[in-house]
Chemist: 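Attaching a single structure in structure tokens format; questions to follow.
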Amino acid sequence: MLSLNSHPSGRHFLQIPGPTNVPDRVLRAIDQPTIDHRGPEFGALGRAVLEGAKHVFQTQAPVVIFPSSGTGAWEAALVNTLSPGDRVLMVETGHFASLWKKLAGRLGLDVDYIEGDWRHPVDAAVIGARLAEDTQHRIKAVCVVHNETSTGVTSNIAAVRAAIDRAAHPALLMVDTISSLGSIDYRHDEWGVDVTVAGSQKGLMLPPGLAFNAVSARALAAADTAKLPRSYWDWREMLTANAKGYFPYTPSTNLLYGLHEALAMLQAEGLPRVFARHERHARATRLAVAGWGLELLSLDASAHSPALTAVLLPEGHSADALRKVILDRFDMSLGQGLGKLTDRIFRIGHLGHFNDLTLCGTLAGVEMGLAAAGVPHRTGGLQAAMEFLARTPEGAAA
């Protein structure tokens, strides 16, 4: 086990599905003197990042930035739009969907929970049927996770929006994009989302510490009558200050420097290329898993995540023991199983600042780790991924 005082040669491979590797140019942007957050220089920075963030959400709506983790963005979405006792429809797609549900219950909301098996995406038809039954429109919001970080399953948000529209239901649509924004195609405006929740530490390539809400006009209108207590999370105070590039309380100044740089990187690469890059690396990873003879947690081929891959270990083998071997022997961190998946899976993050050689190094570490830990598998997973990457260069049709 590496001690805190050890200094292994080379660079640690951080291949969990977030926080992700922070690009050197983003780190350099963060490493600047802190400026007066009430001064004119900061106002220019604030206006730039608030406007630039809209590009990644693919929206013309306001984007609110909080100094917090993504959990804060969950809470902000709920407290700004809902009142005590309001019913919300939520879907169990994995550990993070269950945590959002728990948070909603603690806020005094009445959660109508659609249970799931953690291996499939949101079923839009079930949501539509539940809304069609709600003839009195007691359900005030539908909350779904776009990309479930604990399972590697991505849900179809456009289909959810269509189901809500077919039911002619006025419920707000709230979507968690914490592990998909900047990694997987996501369209706040086109898909009719009312509140999009996001965090800084995944596809946006930043350290943890910034949370986001993209807010539709319908959501802003709901905030005028919502009765849940809010102060720190209040959109109204934020948007008033944001109009001139400022914040109602001390912002994460240096993280905003980093956000400015990360947004510039995403814009320079172009979102379509960013999304294609993630899908290509995900496909290579799935080929490796198949080559090893192991099983994907995600069972729906149309819902395999471009951002991460969750892998089931054979019965009787510990995923945590495998991860420990890989960390100790090869200085690489993989994501653990969460909740009901504890010790059953490991998760390979392939999102954010990532290229072909990083992926090959990651998959090499997994294949060596499987052998070192005595996990039954076939060799050749890494070779399958490398052959795919070699014959399918970046930018080519997968």
Chemist: How is the hydrophobic cluster of W118 composed, in terms of its other members, when Ile, Leu, Val, Met, Phe, Trp and Tyr link through side-chain heavy atoms under 4.5 Å apart, directly or indirectly?
Modeler: L297, L312, L341, I345
Chemist: One thing to verify: whether D165 and R161 come together as a salt bridge, which I'm taking to mean a side-chain N less than 4.0 angstrom from a carboxylate O.
Modeler: yes
Chemist: Would you mind telling me which of T20, T154, T149 makes a side chain to side chain donor-acceptor pair (under 3.5 Å) with S179?
Modeler: T149
Chemist: Can you find a pair of side-chain heavy atoms, one from P62 and one from N213, that are under 4.5 Å apart?
Modeler: no
Chemist: Is the shortest side-chain N to carboxylate O distance from R28 to D31 below 4.0 Å?
Modeler: no
Chemist: Under 3.5 Å, side chain of R277 to main-chain N/O of G352, donor-acceptor pair present?
Modeler: yes
Chemist: Check the angle between the aromatic planes of F66 and Y232 and answer parallel, tilted or perpendicular using the 30° and 60° thresholds.
Modeler: parallel
Chemist: Is it true that a side-chain atom of S83 and a backbone atom of D86 form a donor plus acceptor pair closer than 3.5 Å?
Modeler: no
Chemist: Do L271 and Q58 make a side-chain contact, defined as non-hydrogen atoms from C-beta onward lying under 4.5 Å apart?
Modeler: yes
Chemist: Is any side-chain N of the basic residue among R119 and D117 closer than 4.0 Å to the acidic one's carboxylate O?
Modeler: no
Chemist: Any side-chain heavy-atom pair from I35 and T253 closer than 4.5 angstrom?
Modeler: yes
Chemist: Is a side-chain N or O of D194 found less than 3.5 angstrom from the main chain of L173, in a donor-acceptor match?
Modeler: yes
Chemist: Checking T177 against H146: is there a side-chain donor and acceptor pair closer than 3.5 Å?
Modeler: no
Chemist: For H278 and H350, I'd like to know if the aromatic rings sit close, meaning centre-to-centre distance below 6.0 Å.
Modeler: no
Chemist: If you define the side chain from C-beta out and look only at heavy atoms, does anything of R236 sit under 4.5 Å from R230?
Modeler: yes
Chemist: Might you confirm whether atom CD of E387 has over 12 heavy atoms from other residues, nucleotides or ligands at distances under 6.0 Å?
Modeler: yes
Chemist: Linking Ile, Leu, Val, Met, Phe, Trp and Tyr by side-chain heavy atoms under 4.5 Å, what else ends up with L14?
Modeler: I16
Chemist: Is there a donor-acceptor contact under 3.5 Å linking the side chains of T358 and N355?
Modeler: yes
Chemist: Check whether H12 reaches the backbone of D331 with its side chain - one donor and one acceptor, N or O, closer than 3.5 Å.
Modeler: yes
Chemist: Checking side-chain polar atoms at under 3.5 Å, does W100 have a donor or acceptor matched by the opposite partner on D176?
Modeler: no
Chemist: Looking at A319, is its backbone amide N or carbonyl O close enough to the side chain of D343 to form a donor-acceptor pair, meaning the two atoms are under 3.5 Å apart?
Modeler: yes
Chemist: Please check this pair: side chain of K202 against backbone of L181, looking for a donor-acceptor N/O pair closer than 3.5 Å.
Modeler: no
Chemist: Is the number of heavy atoms from other residues, nucleotides or ligands under 6.0 Å of K340 NZ greater than 12?
Modeler: yes
Chemist: Side chains of T196 and Y186: is there a donor and an acceptor less than 3.5 Å apart?
Modeler: yes
Chemist: Tell me whether R138 is salt-bridged to D134, with the criterion being a basic N under 4.0 Å from an acidic carboxylate O.
Modeler: no
Chemist: May I ask you to test the F212-L204 pair for a side-chain heavy-atom distance under 4.5 Å?
Modeler: yes
Chemist: Would you confirm whether T342, through its side chain, and G339, through its main-chain N or O, come within 3.5 Å as a donor-acceptor pair?
Modeler: yes
Chemist: Looking at D356 and R280, is any side-chain nitrogen of the basic one under 4.0 Å from a carboxylate oxygen of the acidic one?
Modeler: yes
Chemist: Quick check: are there more than 12 heavy atoms from other residues, nucleotides or ligands sitting under 6.0 Å from CZ of R106?
Modeler: no
Chemist: Determine, for E295 against R344, whether the closest basic-nitrogen to carboxylate-oxygen distance falls under 4.0 angstrom.
Modeler: no
